[in-house]
Amino acid sequence: MLIQRARLLDGTVVDIRAEQSIVDVTEHLTPSAGESVLDAAHRTVIPGLHDHHVHLHSAAAALTSVSVGPREVHGRADLARVLSEA
């Protein structure tokens with residue numbers, strides 16, 4: 001299978017050739033004779049979606065959530081600052 005115009009998590013747009021596993025990822029691949037072609041139309045491909053246990057909702061929610069984890073908050077003052085800036 002050839003997946004064309006797929007966006008990777010870093011924003012790069014590539015073509016992906018897959019057989020039993022991914023065999024090539026590059027800027028442009030030409031379809032082989034008889035190969036199935038899927039146009040991803042710049043949509044993002046996510047590794048591992050064959051495993052249904054992916055937390056897509058929490059990943060999407062994190063984009064608009066206030067981060068108050070150990071990297072951002074080191075005490076009450078930091079928590080107050082992060083929340084007031086949100």
Side-chain angles (χ1 to χ4, degrees):
M1 174 197 305
L2 177 61
I3 304 170
Q4 294 179 316
R5 301 186 319 144
R7 184 173 309 280
L8 301 179
L9 294 175
D10 68 359
T12 306
V13 176
V14 296
D15 289 355
I16 302 168
R17 176 165 282 122
E19 293 173 2
Q20 294 299 323
S21 60
I22 294 173
V23 295
D24 204 357
V25 177
T26 191
E27 187 175 314
H28 179 73
L29 294 169
T30 302
S32 299
E35 183 174 42
S36 299
V37 177
L38 173 69
D39 180 7
H42 294 160
R43 293 183 196 100
T44 302
V45 291
I46 301 173
L49 274 185
H50 68 281
D51 177 357
H52 71 281
H53 191 91
V54 177
H55 296 271
L56 292 177
H57 289 289
S58 62
L63 297 174
T64 57
S65 295
V66 178
S67 295
V68 293
R71 285 188 222 157
E72 298 83 12
V73 175
H74 303 286
R76 289 182 181 202
D78 283 340
L79 179 60
R81 177 188 49 78
V82 169
L83 292 176
S84 68
E85 291 173 356

Show your working on side-chain contact (heavy atoms from CB on, under 4.5 Å) between D15 and L2 and close with a plain yes or no.
CA-CA 7 Å; D15 289 355; L2 177 61; 4.2 Å; yes
Yes or no on side-chain contact (heavy atoms from CB on, under 4.5 Å) for E35 and R17, after CA distance, side-chain angles and deciding distance?
CA-CA 10 Å; E35 183 174 42; R17 176 165 282 122; 2.7 Å; yes
To the closest 0.5 Å, what do you measure between [atom1] ([X]) and [atom2] ([Y])?
X: E85; Y: E72; atom1: CD; atom2: CD; answer: 11.5 Å
X: D78; Y: R71; atom1: CG; atom2: CZ; answer: 15.0 Å
X: I3; Y: R43; atom1: CD1; atom2: CZ; answer: 12.0 Å

Is there a donor-acceptor contact under 3.5 Å from the side chain of R5 to the main chain of H42?
no
Quick check against the 3.5 Å criterion: does T12 have a side-chain atom that pairs as donor or acceptor with the backbone of L8?
no
Looking at E27, I want to see if its CD is surrounded by more than 12 non-hydrogen atoms of other residues, nucleotides or ligands under 6.0 Å.
no
State yes or no: do [X] and [Y] share one hydrophobic cluster built from I, L, V, M, F, W and Y residues joined by side-chain heavy-atom distances below 4.5 Å, directly or via other members?
X: V37; Y: V14; answer: no
X: V25; Y: M1; answer: yes
X: L79; Y: V66; answer: yes

Could you tell me which non-hydrogen atom of [X] sits nearest to which non-hydrogen atom of [Y], and how far apart they are?
X: V13; Y: R7; result: CG2-NH1, 3.6 Å
X: I22; Y: I16; result: CG2-CG2, 4.0 Å
X: S67; Y: V82; result: O-CG1, 3.4 Å
X: A40; Y: A6; result: CB-CA, 3.7 Å

